[in-house]
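Every chain is numbered from 1, with letters handed out A, B, ... down the list of sequences.
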Amino acid sequence: VDEIVHQPIRLKIMAALNALRSGETLDFSSLKTLIGATDGNLGAHLTTLEDAGYVAVTKDFVARKPRTQVSLTRAGRKAFAQHVAELRDIIDASDR
Amino acid sequence: METVAMSPSAEEAAQMLREVESIGTRSGQLRSYRYAAPQLMLWGVLWLIGYSASDLAPTYAGLVWIGITVFWALLYFFYFTRRGAMAPASNTAATPMRSAEDARIQRRFRLRFFGLYAVACLLIFGTALIMRPQGIEMAAYVPLLLACIYMGAGIWGGGRRYVAIGAVLAVLALAGYFLLPSHFLLLMAVGGGGALLLTGLWLRSA
């Protein structure tokens, strides 16, 4: 399995982003609430996913406050779908 | 960049899939709430205008409501569907670029919206033509119908806040119709419009 996606926090991040439409973003604080991670932990995992090309992180300012938005890339969506399919295969194999 | 890890057991895989499904559902709900929030707030203002016109200037109420219906359809088509399909600002190689497929999805979404809107208008105006409700009967029927749509959508999609919004509208419409018929239009203008505004804010805070 793909270790980058397999890590539980990163899998949750990708699951949250996968529910969005192509090109839609989720802001950092919403993602943090959904995942239940700390700022530092989430930031570190996002960096790993961004380095792998699985997520795109954009930073801007809204009303002078910094805002970080995250979206899933095509490669990320494909890797996530593949990982979920692999998990299903494992369950199916155990049922046989 | 791909490294290989030990495969999880069937139990671990099942647990992971449950978490994936749970997070995906919550993320989808959040997305839906954020998308619906400004629309509900705007509907709150439109209800205030429409029901106030029905109460204060009943002669022009029909025209006002037709204007509101057309205004909403145009606004949704040109603003909300565009906004829902917006791409992020960055255009790095890793960013999901807008493509012909995205444009096709947007076109299909807009067509579906107009289809649904046409069905809703047919249902409301068709019922009105057949049943010929008079005065506040029609004014109570539309919000009750919308309340049922919200509750149905919430129950079907697991969006509890939509169920709550629908319940509030249904209680307002029924209580107003039976208990305050003489002030029903005013109640729907202030109470219904206000409830939509507040619930829009509530969804935005999700």
Side-chain angles (χ1 to χ4, degrees), chain A residues 1-9 11-27 30-31 33-36 48-60 69-77 79-80 82-95, chain B residues 1-35 37 81-106 108-109 157-158 203-206:
Chain A
V1 293
D2 183 343
E3 176 59 21
I4 289 168
V5 187
H6 183 57
Q7 201 283 335
I9 298 283
L11 182 64
K12 286 182 182 177
I13 293 170
M14 294 186 79
L17 296 174
N18 189 60
L20 308 179
R21 257 192 235 126
S22 169
E24 281 186 338
T25 59
L26 202 56
D27 62 277
S30 299
L31 195 54
T33 308
L34 279 170
I35 307 302
T48 304
L49 288 169
E50 191 180 18
D51 289 346
Y54 290 167
V55 301
V57 179
T58 56
K59 296 185 181 189
D60 58 5
Q69 291 187 290
V70 190
S71 62
L72 203 59
T73 64
R74 284 181 199 283
R77 207 171 282 275
F80 177 77
Q82 194 175 338
H83 189 75
V84 168
E86 283 168 4
L87 292 177
R88 291 212 171 96
D89 286 345
I90 291 168
I91 295 167
D92 290 345
S94 76
D95 289 341
Chain B
M1 187 187 292
E2 189 171 298
T3 54
V4 177
M6 204 169 69
S7 289
S9 67
E11 289 77 20
E12 287 168 337
Q15 174 64 26
M16 283 175 186
L17 280 180
R18 278 196 292 274
E19 282 180 6
V20 161
E21 194 177 331
S22 167
I23 293 268
T25 302
R26 279 161 49 207
S27 177
Q29 272 175 9
L30 186 69
R31 172 184 168 277
S32 159
Y33 288 160
R34 297 264 164 95
Y35 189 65
T81 56
R82 183 182 65 88
R83 190 174 171 224
M86 268 171 64
S90 167
N91 62 350
T92 60
T95 304
M97 300 290 287
R98 289 299 309 277
S99 63
E101 189 191 341
D102 290 332
R104 189 178 57 79
I105 289 169
Q106 188 187 43
R108 214 170 56 187
F109 188 78
L203 289 193
R204 200 170 68 166
S205 70

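The nearest pair of heavy atoms linking A:Ala16 to B:Ser27 is O-OG, 2.5 Å. Heavy atoms only, all atoms of each residue included: B:Leu17 and A:Arg88 are closest at CD1-CG, 3.8 Å. Nearest heavy atom pair, residue A:Lys12 against residue B:Ile23, reads O-CG2, 3.5 Å. Heavy atoms only, all atoms of each residue included: B:Arg34 and A:Ser30 are closest at NH1-OG, 3.0 Å.
Separation of atoms CZ (B:Arg18) and CG (A:Leu87) is listed at 12.0 Å; rounding is to 0.5 Å. Note that CD of B:Gln15 and CD1 of A:Ile91 are 10.5 Å apart. Values are rounded to the nearest 0.5 Å. Summarising the geometry, atom OH belonging to B:Tyr35 is positioned 8.5 Å from atom CD belonging to A:Glu24; distances are rounded to the nearest 0.5 Å.
Around atom CD of B:Glu19, more than 12 heavy atoms belonging to other residues, nucleotides or ligands sit under 6.0 Å away.
Residues A:Ile90 and B:Met16 have side chains not in contact (no heavy-atom distance under 4.5 Å, counting atoms from C-beta outward). With contacts defined as side-chain heavy-atom distances shorter than 4.5 Å, the pair A:Leu26/B:Leu30 qualifies.
With chain A as the partner, the residue from B:Gly28, B:Ala14, B:Gly24, B:Pro8 showing the most heavy-atom pairs under 4.5 Å is B:Pro8.
Contacts of B:Ser22 with chain A are absent, with no heavy-atom separation under 4.5 Å from either backbone or side chain.
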